[in-house]
Amino acid sequence: MRILLPNDLGTTPHVLMATRTFRARLEDARPIVAVGSIEHALSNRTHDRIELVVLQAPLMLEETMHAFVEAGAELLFTPTERASRLWLAQLDRADRVYELNRKAVWIARKAAAHRAFVAGTIGPPPTMLQPIGPLSTESLRRAVAEQAIALLDGGCDVLVLKSFIELDELLLAIETVLPLANGTPVIALKAFPEDGAVLATSFPADVARLLSQYSLAAIGASGTVGPQRMRGVISAMRSGSSLPLVALPDTGIPTMVGSRAHYSTDPEYIARTLRELAESGARICGTDRGTTIAHTSATSQSLAGITHAAPPPAPIQREAHLSPRPTVPPPSRFAQALQERFVITVELDIPRGLDMASVLDGARYLGMHGVDAVNISDGARARLRVNSLTLSAYVQQETGIECIAHLACRDRNMVALQSDLLGAALLGVQNILAVSGDPTHIGDYPRAITVGDLDSIGLIRALRMMNSGRDLAGNPLSGTTNFCIAGACNPCAEDIEREIDRLAQKVAEGAEAIFTQPMFDLEHWLQFLSRAGSLPVRFIVGILPLRSVRHAEFLHYEVPGMTIPAWVRKRIAESPNPAEEGITIAAEFLAAVKEHCHGVYLMPPFKKYEVALSVLKRAGVALASR
């Protein structure tokens, strides 16, 4: 391939970019044709990840990028969206971040041949920020800074933060790169969901207003949505900001052929819709995933001649997103009781299969005797049981007693967990106990996959955000929930420092109540309270009446997280009636601990719910007066 030099350009319609800055071009009323991704254009030539093509096939990359310039592109995005240390570590290339990013800019500049600008591209991280994911804010900040320095050293004309779904991640990236840019323009692009219900709210406008508080050259949207949805995004963003706008939709929804995405959108359709985007106010227009040279050529021809400024934004009245104010459902009865008095909950024994008669009988019996709520476990010890949220709704409907539905992160990704929570809200299940879940290898299906998209802390954040009318990505729900949010803790954990740290995170994320693992020793509980008692949360102490020495030893030696003190095991072993002794020990502990907690969580064995009532009576907790 022969790279064109300035004196070779002759009658080419392109303007020499070396003679003007990107900021000056952005002030021009003519729209800029951009190429957000060339990955699809290279898919027939290589199966390597696009980032690795920079190192392994630079000439092929240069030829492809130059072909886009020949087709009319004025802004080339470097193929570095996934070239941070966090991404390259997955490819065992973390030590080549600087080399790869700087080289990507050089290749793009050579392909541009002074006829196009080069955008050094930084994308979102591969994992989510804590507590939803494992990534710390400091790790993300370092990764973004390292990549930005390399791109700037390579000589990019503009830095672009591209396709960030999480607003918190985008803001952190902006705050990281702006001090490093040293005059280089910075553009911030958010990815919006392909959801008309979300885009019909003020969400894009609110995002635009928020981004306008920073010294950015332009803002906009990239990826995820196609050209039709992008029109609504840009229109809304225009109502929230006077900054130049960028529209980089995907060319369409791909068809997956194996692990590869196949796009087949007509270039003329793309060109026509991008012209409409330009006419509605987008200063930089192009396509992201699925882009071909034909798309860029058609777009360049379609946008030729547009020189008028965008019309003034029309005011729109839509529901607020960043500060939603929907009607809040009333709190659950359990949530109200939790703030007013000592509460009592009892765990129901969930049988295998479909016959839930014993569950309903137990719930009616406990409700009749004044218990505040019953706990419904979620596949405890990774055993196959009916869905806890569905069963909770069924029990509430049939018996009238409220349920505390345990929800385990083990089996569901973050989409499924949030979907289940929306369903729970619709069914009136408001009390949720977030748990990580027991490992699958101890359960009915040892080869089942542990998903672990979120842990219990991340799930608590999801619950809190839903209570504010948003999902985990900050998208509006067109309503709000009013979950009573609970977490779990183990005061007898071997690594008590880690346990208290995680407990503090749960409370910070929104936990209102903490249910403990079974406790037996008041001194141990008071020691725990001396370190955790200042947290603004209600503690509900777990109590489990032991039935035999074998029961005690099984729990102590074989169940993770369970600690049965030696003196308890000794009393059970020496008693002529171990089950009665277990009730006595439980009652003694409850009588001593009830002044140092906000409630009790009883776990009677084998559907013996009368045991729970016996413990309460002996401990001086009079249910009849409740």
Side-chain angles (χ1 to χ4, degrees), residues 34 36-37 39 49-51 77-91 93-94 97 100-101 104 119-151 156 158-178 180-181 186-195 198 203-204 207-208 210-211 214 216 218-225 230 233 237 246-250 261 288-290 413-415 418 453-454 458 461-462 465 470-475:
S37 170
E39 189 166 6
R49 277 264 295 267
I50 187 69
E51 304 81 34
F77 283 59
T78 58
T80 53
E81 186 175 333
R82 297 175 298 177
S84 71
R85 174 174 297 276
L86 303 173
W87 281 105
L88 294 181
Q90 299 178 353
L91 305 174
R93 299 289 194 281
V97 173
L100 189 154
N101 282 273
T121 310
I122 299 173
T127 57
M128 299 179 76
L129 287 171
Q130 296 170 347
I132 302 172
L135 184 62
S136 70
T137 55
E138 185 56 33
S139 294
L140 178 56
R141 197 183 304 276
R142 286 199 302 266
V144 169
E146 179 183 35
Q147 191 177 4
I149 290 169
L151 294 167
C156 63
V158 56
L159 271 178
V160 178
L161 303 171
K162 177 174 174 283
S163 299
F164 279 75
I165 297 174
E166 300 297 325
L167 195 54
D168 288 346
E169 294 173 4
L170 178 56
L171 298 181
L172 187 148
I174 291 170
E175 291 165 1
T176 300
V177 302
L178 281 177
L180 301 172
V186 177
I187 293 175
L189 305 180
K190 188 183 184 311
F192 290 88
E194 176 66 32
D195 189 331
V198 170
F203 183 26
V207 170
L210 184 60
L211 296 180
Y214 295 90
L216 298 168
I219 60 174
S222 60
T224 307
V225 300
M230 186 62 77
V233 173
M237 294 189 82
V246 182
L248 290 177
D250 288 345
D288 196 8
R289 285 170 294 200
N413 66 16
M414 65 182 69
V415 176
Q418 293 178 94
D453 227 8
L454 300 178
R461 170 176 282 195
M465 293 188 71
R470 294 173 286 161
D471 65 16
L472 272 175
N475 302 315

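This one's a predicted model, so the numbers in the text were calculated from it and none came from an experiment.
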Between [X] and [Y], which heavy-atom pair has the shortest distance, and what is it?
| X | Y | result |
| --- | --- | --- |
| G120 | C156 | N-CB, 3.7 Å |
| Q90 | P126 | NE2-CB, 3.5 Å |
| D288 | S37 | OD1-CB, 3.4 Å |
| L100 | A83 | CD2-CB, 3.7 Å |
| I174 | A188 | CD1-CB, 3.8 Å |
| S222 | L189 | OG-CB, 3.6 Å |

Quick one: does [X]'s side chain get under 4.5 Å of [Y]'s, heavy atoms only?
| X | Y | answer |
| --- | --- | --- |
| E169 | P125 | yes |
| L86 | T127 | no |
| F192 | V207 | yes |

How long is the span from the [atom1] atom in [X] to the [atom2] atom in [Y], to the nearest 0.5 Å?
| X | Y | atom1 | atom2 | answer |
| --- | --- | --- | --- | --- |
| L129 | L140 | CG | CG | 5.5 Å |
| T80 | W87 | OG1 | CH2 | 13.0 Å |
| M465 | N475 | CE | CG | 8.5 Å |
| L171 | T176 | CG | OG1 | 10.5 Å |
| L159 | T78 | CG | OG1 | 9.0 Å |
| E81 | Q147 | CD | CD | 9.5 Å |

Kindly say whether [Y] contributes a backbone atom to a donor-acceptor pair with the side chain of [X] at under 3.5 angstrom?
| X | Y | result |
| --- | --- | --- |
| Q418 | M414 | yes |
| S163 | A191 | no |
| T121 | V160 | no |
| N101 | L151 | no |

Partner set under side-chain contact (heavy atoms from CB on, under 4.5 Å) for R93, not counting sequence neighbours: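 If we apply the side-chain contact (heavy atoms from CB on, under 4.5 Å) test to R93, skipping adjacent residues, the hits are L52, Q56, L88, L91, R96.
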F77 and L248: CA distance, side-chain angles, deciding distance, side chain to side chain contact (heavy atoms under 4.5 Å, CB included) verdict: CA-CA 11 Å; F77 283 59; L248 290 177; 3.5 Å; yes
Candidate pair L170 and L161, rule side chain to side chain contact (heavy atoms under 4.5 Å, CB included), full reasoning: CA-CA 7 Å; L170 178 56; L161 303 171; 3.9 Å; yes
Basic-acidic side-chain contact under 4.0 Å: R82, E39: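 Answer for the salt bridge query: yes.
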Check ion pair R142-E138 (N to O, under 4.0 angstrom):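 Yes.
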Neighbour count above 12 (heavy atom, 6.0 Å) for I165 CD1: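 Counting other residues, nucleotides and ligands, CD1 of I165 stays at 12 neighbours or fewer.
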